Amino acid sequence: MEREKGYTGIEYFRIVAALFIIAIHTSPLSSVSSTGDYILTRVAARWAVPFFFMTSGYFLISRYGRDTAKLIHFVKRTMLVYGAAIFFYLPLNLYNGYFDMENPAPQLVRDIIFDGTMYHLWYLPASAMGAAAAWYLVRRLDYRKALAAAFLLYLIGLFGDSYYGLAERIPVVSGMYRFLFHLFDHTRNGLFFAPIFFVLGGFLADRGMRGGHSRRAGRENVLWGFCVSFALMLGEALFLRLYHVQRHDSMYLFLVPCVYCLFRFILYFRGRRPRYLKPLSLLVYLIHPMMIVVLRLVAKAVRLQGLLVENRILHYLAVCLLSVGTGMAAMILWERRRPSGAERPNGRDRAYIEIDLDNLEHNARALQKAMPPQCRLMAVVKAEAYGHGAFEIAVHLDRIGVKAFAVAVIDEGIRLRKYGIRGEILILGYTEPGRAAELKKYNLTQTILDSHYAAALEGQGIDVKAHIKIDTGMHRLGIPAAECDQVKKIFAMKYIHVCGLFTHLCCADRFTPEDTAFTREQIHRFYDLLEALQAEGIRLPKIHIQSSYGLLNYPDLRCDYVRAGIALYGVLSSPRDNTLLKLDLRPVLSLKSKVVLIRSVRKGETVGYGRAFTAQRDSRIAIVPVGYADGFPRNLSCGQGCVAVGEHRVPIIGRICMDQLALDVTDAGDAAVGDIVTLIGGQGDNVIPAPAVACASGSISNELLSRLGGRMGKSVFL
């Protein structure tokens with residue numbers, strides 16, 4: 001399922017939560033049963049605000065974030081809404097005498113920061129403060145410690161709220177809370193109440209919905225968890241009420257597991273996301289107190305107070321209808337005043353890449369199963385994960401337990417850290433020695449290219465983790481395998497901490513007798529060096545030899561890592577490649593576009609630059625908005641390449657342009673404008689394999705995929 005269309009449950013529950021909050025402020029059962037109303041408004045409805053916090057945390061508070069711009073945007077947007085809400089309720093505050101006190105400034109500051117200038121507006125500063133606190137905790141600590149810290153804050157708030165009757169009996173603790181209540185009216189705020197739910201939301205986003213249970217069994221388990229935790233929370237609330245322990249009634253011990261289980265249950269509801277429910281729920285939340293006032297004024301004017309105000313159930317329903325109706329009207333007016341085409345593009349209007357994360361996970365598991373015992377997968381995610389998107393690929397692999405990654409340059413490694421990747425990150429290529437401080441700051445592991453490079457890096461006087469590259473015959477990077485003394489010197493350096501040794505097999509993808517013999521010789525040279533180092537008393541660090549073809553053709557090698565690149569993405573470099581292991585690898589990437597124009601060309605007419613195509617018959621020509629600037633090879637022009645339009649395979653004609661190409665769809669049946677064009681990948685019987693496309697262009701899959709996607713949209717499928 002496409003990621004951006006996967007949260008139907010969250011969207012619908014936004015409205016449900018908003019209606020529960022209206023219930024808190026209208027007490028619909030109070031005219032029937034005070035106990036029933038207490039259970040509804042002071043217990044059952046207490047999940048609503050934490051649900052909103054968890055929802056924000058789910059989309060925001062994750063170890064996997066590009067940078068702090070996401071948090072800054074959230075805080076700015078929240079405070080902008082808060083400012084507008086303060087202004088909106090200013091007339092009502094004036095009418096209620098909010099500013100009539102002798103010195104309103106201190107109270108105003110308290111309310112703006114913590115309590116809200118209207119009784120329900122506390123949620124907005126709490127969201128901004130809670131998001132910032134959770135963001136900081138998750139990035140500075142691991143999830144276990146972040147949850148522990150957030151829960152400690154929640155406990156402090158708990159004893160200033162529902163358990164205050166216990167806290168006030170202890171003089172020192174009571175004094176602390178008296179001081180806190182000079183700063184704010186309630187511990188139900190962004191400092192004590194919100195962070196735990198933001199962190200839990202981010203935790204669920206990182207953890208995902210994958211587990212050992214089936215979807216149905218998982219849904220039933222979390223539903224039972226919700227029922228049990230809610231029953232415990234109900235008993236807790238009634239007990240605290242009976243013994244008059246509560247100062248306020250927003251925070252319960254069992255509220256945390258209750259909301260956690262409820263949110264997990266909601267996540268099982270997937271489908272297309274309703275567009276308007278998110279802003280509508282926010283509007284309903286913000287305006288419903290004003291609607292209460294309006295309803296009371298109207299009821300008084302038409303003398304229906306007994307029906308619309310004193311009948312609390314009808315009062316609640318009327319406020320709900322009025323709030324939802326006004327919110328919808330406001331959204332309609334807003335949409336009408338927006339300029340045409342102001343919607344955010346979905347990335348699929350021209351050409352786009354589809355990434356199937358299920359296939360990525362399948363490939364990772366297949367490779368791990370083929371590895372020797374105790375060997376770990378090192379995912380090679382250089383060059384934007386071979387064009388697939390380093391963020392999407394690395395984050396998902398980290399979520400499923402892959403904890404070692406390889407990149408080409410330091411900036412790729414830094415980006416992975418900013419995405420939230422915490423495992424080992426090995427830089428395979430050159431890093432300027434002057435950037436040693438960044439290697440340490442971001443906990444990156446640098447490859448030692450040769451002895452001179454090691455000396456330059458050592459000379460920086462900064463502790464750096466490193467893997468030593470050994471040249472066993474490729475003659476590209478590395479210390480020659482015969483120079484054991486040079487390797488020993490690096491192990492003895494003060495600032496370079498060697499935690500790995502590796503080499504690269506330059507022809508492991510080929511089975512000619514000469515290539516096989518050369519590969520075996522590379523392997524022998526590497527192991528001879530390891531034996532020599534051991535004989536010198538050096539304890540060997542982690543070792544790795546195999547890349548994708550090293551594993552597929554030499555699976556018996558005993559190493560600590562396998563550096564999987566192209567195989568991880570489900571393809572081989574060339575369609576002619578044969579491998580010893582026949583793993584079920586599935587392509588992760590598809591490249592698609594669409595037909596934007598069809599024109600008729602008569603026999604003898606030409607198409608494109610240089611008039612490279614001449615129609616041999618009356619033809620139908622389709623124009624597709626993708627070209628070599630998108631990474632699609634220009635040398636697939638003039639019939640060298642083909643694509644799929646629906647169920648039909650059609651040739652590329654003329655010369656591929658920077659931004660578009662032409663197809664001959666004369667034999668493609670009813671091909672029409674808007675039809676999807678598959679250039680790489682696809683499903684069913686009409687797949688265009690990446691190795692075949694690369695081969696037709698005179699290259700390999702590695703190059704073809706790595707050049708894709710600089711300006712194209714991306715759809716990620718789970």
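Quick caveat, the model's predicted, so the values are computed rather than measured. As a basis for the values below, the full set of heavy atoms in this structure was taken, side chains included, without hydrogen atoms, waters or symmetry mates.
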*With sequence neighbours left out, what residues match R46 under salt bridge (charged side-chain N to carboxylate O under 4.0 Å, His left out)?*
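Partners of R46 by the salt bridge (charged side-chain N to carboxylate O under 4.0 Å, His left out) criterion, ordered by chain and then number, come out as D249.
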_List the residues meeting salt bridge (charged side-chain N to carboxylate O under 4.0 Å, His left out) with D398, not counting sequence neighbours, and say none if there are none._
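Counting only residues at least two positions away or on another chain, D398 forms a salt bridge (charged side-chain N to carboxylate O under 4.0 Å, His left out) with R63, K403.
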Out of curiosity, [X] [atom1] to [Y] [atom2], how far, rounded to the nearest 0.5 Å?
| X | Y | atom1 | atom2 | value |
| --- | --- | --- | --- | --- |
| D37 | Y316 | CG | OH | 11.5 Å |
| I72 | R77 | CD1 | CZ | 14.0 Å |
| I292 | M290 | CD1 | CE | 11.0 Å |
| F114 | L183 | CZ | CG | 6.5 Å |
| R14 | L282 | CZ | CG | 9.0 Å |

*Is the number of heavy atoms from other residues, nucleotides or ligands under 6.0 Å of Y12 OH greater than 12?*
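It does not: Y12 OH has 12 such atoms or fewer within range.
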_Can you confirm whether M79 is buried at CE, in the sense that more than 12 heavy atoms of other residues, nucleotides or ligands lie under 6.0 Å from that atom?_
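Buried by this count: over 12 neighbours within 6.0 Å.
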Would you call the rings of [X] and [Y] parallel, tilted or perpendicular, taking 30° and 60° as the class edges?
| X | Y | result |
| --- | --- | --- |
| F265 | F269 | perpendicular |
| Y123 | Y285 | tilted |
| F197 | F53 | parallel |

Does [Y] offer a backbone N or O that forms a donor-acceptor pair with the side chain of [X] under 3.5 Å?
| X | Y | result |
| --- | --- | --- |
| Y163 | L240 | no |
| R188 | D161 | no |
| T326 | L322 | yes |
| Y154 | P195 | no |
| S229 | F226 | yes |
| K70 | F59 | yes |

Do [X] and [Y] make a side-chain contact, defined as non-hydrogen atoms from C-beta onward lying under 4.5 Å apart?
| X | Y | answer |
| --- | --- | --- |
| L191 | I156 | no |
| L234 | F254 | no |
| L286 | L121 | yes |
| I24 | R42 | yes |
| I393 | I355 | yes |

*Is the cationic atom of R247 (NZ for Lys, CZ for Arg) positioned less than 6.0 Å from the six-membered ring centroid of Y177 and within 45 degrees of its normal?*
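Because its charged atom misses either the 6.0 Å distance or the 45° angle limit, R247 does not stack over Y177.
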_Hydrogens and angles aside, do Y252 and Q246 bring a side-chain donor and acceptor to less than 3.5 Å of each other?_
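There is such a pair (donor and acceptor under 3.5 Å, judged by atom type) between the side chains of Y252 and Q246.
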*For the side-chain contact (heavy atoms from CB on, under 4.5 Å) test, which of I10, V199, V259, L262 pairs with M54?*
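Only match with M54 under side-chain contact (heavy atoms from CB on, under 4.5 Å): V259.
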*Y164 ring center near F181 ring center (under 6.0 Å)*: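 Centroid distance Y164-F181: below 6.0 Å, so yes.
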_Stepwise side chain to side chain donor-acceptor pair (under 3.5 Å) check, H25 with H120_ = CA-CA 9 Å; H25 298 144; H120 70 307; over 6 Å; no
*Please assess F263 against Y58 for the test ring-ring contact (aromatic ring centres under 6.0 Å, His included), listing each intermediate value before the final yes or no.*
CA-CA 10 Å; F263 198 87; Y58 188 78; 5.7 Å; yes
*Could you go through the side-chain contact (heavy atoms from CB on, under 4.5 Å) check for V245 and L166 one step at a time?*
CA-CA 7 Å; V245 176; L166 300 180; 4.1 Å; yes
*Kindly indicate, with the supporting measurements, whether the criterion side-chain contact (heavy atoms from CB on, under 4.5 Å) is fulfilled by L397 and F405.*
CA-CA 9 Å; L397 290 173; F405 297 86; 4.0 Å; yes
_Heavy-atom pair with the smallest gap, counting every atom of M331 and P279_ =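 M331 and P279 have their closest heavy atoms at SD-CG, 3.7 Å.
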